Asks: 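Quick one: this structure, given as structure tokens, is what I'll be asking you about.
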Amino acid sequence: MAGRIVVPFGPQHPVLPEPIHLDLVLEDERVVEAIPSIGYVHRGLEKLVEKRDFKDFVYIAERICGICSFTHSVGYCKAIEAIMDLQVPERAQYLRTIWSEYSRLHSHLLWLGLYADAMGFENLFMNAWRIRETILDAMEETTGGRVIQGVCKVGGVRRDISDAKLKEMTAKLDSIGGEIEDLCHVFFDDASVKHRSVGVGMLSKEDAHKLGAVGPVAKGSGIALDLRQTGYSAYGSLDFKPIVETGCDCYSRCIVRAKELAQSVDLIKQAAANIPAGDIEVKVKGNPDGEYFSRVEQPRGECIHYVKANGSKNILRERVRTPSSANIPPLVKMLEGCQMADVPVIVLSIDPCIGCAER
Amino acid sequence: MGLFSMTKTVLKSLFKKPATIRYPAEPAKRFEGTRGQMEIDIDKCIFCGLCSKHCPADAITVNKNERTWSINRLWCICCNSCAENCNKDAIYQTNVYHAPIVAGETDVDVYQGKPVEEKPAAAEEKAA
Ligand code: SF4
Ligand code: SF4
């Protein structure tokens with residue numbers, strides 16, 4: 001038997017957008033075990049809830065993550081609205097859906113770029129990010145922020161999109177549709193992409209289920225787990241099916257995300273076509289009293305916001321379970337038995353967002 | 001096919017303008033609704049402190065006795081919460097980002113209100 005060595009991977013590594021540390025136990029070039037450790041970017045945001053007005057905490061909830069920020073605010077607001085029994089106007093629900101899908105587009109395009117970068121496919125990386133820029137522009141124009149939108153609030157949304165602007169946005173999405181298609185085509189068919197990702201980082205359906213994988217990691221292993229099907233915001237009135245791939249490898253996870261781009265574009269168009277007129281917020285009176293478990297689908301998977309309040313303006317406890325923390329055990333499983341050179345691609349394939357995993 | 005999947009994109013890109021802006025030679029993109037730095041109309045301010053209570057970043061300090069309103073530009077996250085909570089509409093948001101500054105030296109902007117006129121009732125207005 002070859003001697004074992006331990007190679008530290010991260011927290012600073014060219015391929016990692018965020019700090020996670022992995023101790024890789026190697027036998028020659030083969031990884032026999034990966035031991036993860038996190039704790040480099042803990043900010044104590046959950047504790048801050050005790051010091052802030054529950055309405056002001058939305059801005060902080062949103063800053064848990066720099067990519068799926070909008071969905072965090074939706075999750076938090078949904079919890080408070082359920083506790084306080086607020087009826088959020090339909091138009092606000094649709095606007096939330098539109099912005100959620102915009103964030104999904106931008107998150108997946110960002111990831112596809114980073115994934116290409118992990119494979120060493122630099123021009124594909126730049127190409128994904130060029131398309132992402134138009135998405136960010138649309139978000140900045142409508143919400144005021146590029147990645148931290150800050151438009152969701154307890155009881156509705158803070159800004160409206162005019163119908164003319166919605167038309168313009170869908171027209172813009174149509175015009176970049178071709179570019180997105182070309183981009184996806186590269187991920188689907190390119191020989192180098194396939195070479196680096198087919199059969200790499202296997203995670204069987206049973207393991208994915210047992211280890212609690214969420215989002216594209218679960219979907220890439222054949223589990224149709226998509227929280228949007230629970231019909232929160234306006235998803236209940238839109239027509240879509242979760243995208244599932246059964247390859248169980250990095251390639252499948254990549255395909256799921258690429259296909260979700262087209263799905264998001266479609267959802268935005270559906271929402272823009274059906275959006276009702278009306279108010280965008282309800283008045284919030286009093287303080288929340290009770291607890292609620294809210295689940296929303298982020299670009300990376302299921303995110304849980306648990307809120308407990310006791311009728312004062314500060315909330316007692318807020319607990320966030322982000323998709324990246326759920327996907328770390330499956331990641332450890334995927335890394336077992338892989339080649340050292342595949343580690344960056346596998347780590348990236350779960351779309352690790354450590355900032356939000358640690359909060 | 002497998003090997004030439006990028007060719008179409010490459011050919012298209014050859015005849016397109018660059019996707020990037022030559023900043024700072026060209027001005028950066030800016031939208032009307034961009035959430036930029038906060039400004040205050042200090043004459044409207046009654047120093048009630050409501051804005052600083054609702055600031056998630058603790059960026060605002062209001063001193064009622066000295067009649068000053070100050071904001072730490074590096075802490076401010078441009079969320080617009082202070083402007084929404086101000087009953088006197090004294091704070092407003094602009095769509096410009098603040099110029100680069102140094103922590104501990106130029107980061108706090110202090111605004112000095114006019115001295116009090118002899119009308120204590122107005123100053124006594126309570127924070128809700
Ligand atoms: S809330 Fe308005 S009036 Fe009160 S201190 Fe702040 S800026 Fe001044
Ligand atoms: S914009 Fe937000 S962070 Fe900045 S001073 Fe106002 S409340 Fe504080």
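Note that the structure is a prediction, hence the values are computed from the model and not measured. In what follows, chains carry the letters A, B, and so on, assigned in the order in which the sequence lines appear, proteins first and then strands, with residues in each chain numbered from 1.
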Asks: Given that the side chain runs from C-beta out, which part of A:D53 has a heavy atom under 4.5 Å from chain B: side chain, backbone, both or neither?
Replies: side chain
Asks: Which one of A:I60, A:L124, A:D137 has the most heavy-atom pairs closer than 4.5 Å to chain B?
Replies: A:D137
Asks: Near A:E181 CD, under 6.0 Å, is it more than 12 heavy atoms from other residues, nucleotides or ligands?
Replies: no
Asks: Side chain, backbone, both or neither: which part of A:I148 has an atom under 4.5 Å from a heavy atom of chain B?
Replies: backbone
Asks: Is the number of heavy atoms from other residues, nucleotides or ligands within 6.0 Å of NZ (B:K16) greater than 12?
Replies: yes
Asks: In Å and rounded to the nearest 0.5 Å, what is the NZ to CZ distance from B:K29 to A:R146?
Replies: 5.5 Å
Asks: Is B:N95 in contact with chain A via its backbone, its side chain, both, or neither, using a 4.5 Å heavy-atom distance?
Replies: neither
Asks: With a 4.5 Å cut-off on side-chain heavy atoms, are A:T142 and B:F31 touching?
Replies: no
Asks: Look up atom SG in B:C55 and atom OH in A:Y59, then write down how far apart they are to the nearest 0.5 Å.
Replies: 10.5 Å
Asks: Is A:E179 in contact with chain B via its backbone, its side chain, both, or neither, using a 4.5 Å heavy-atom distance?
Replies: side chain
Asks: Considering residues, nucleotides and ligands other than B:E32, do more than 12 of their heavy atoms fall under 6.0 Å from its CD?
Replies: no
Asks: Looking at A:K55 and B:E84, is there a salt bridge between them, counting it only when a charged N and a carboxylate O are closer than 4.0 Å?
Replies: no
Asks: So which residue, A:K51, A:M126, A:Q149, ends up with the most heavy-atom pairs under 4.5 Å with chain B?
Replies: A:Q149
Asks: Roughly how far, to the nearest 0.5 Å, is the CG atom of A:D56 from the CG atom of B:N85?
Replies: 6.0 Å
Asks: If you round to the nearest 0.5 Å, how far is SG of B:C79 from CZ of A:R63?
Replies: 6.5 Å
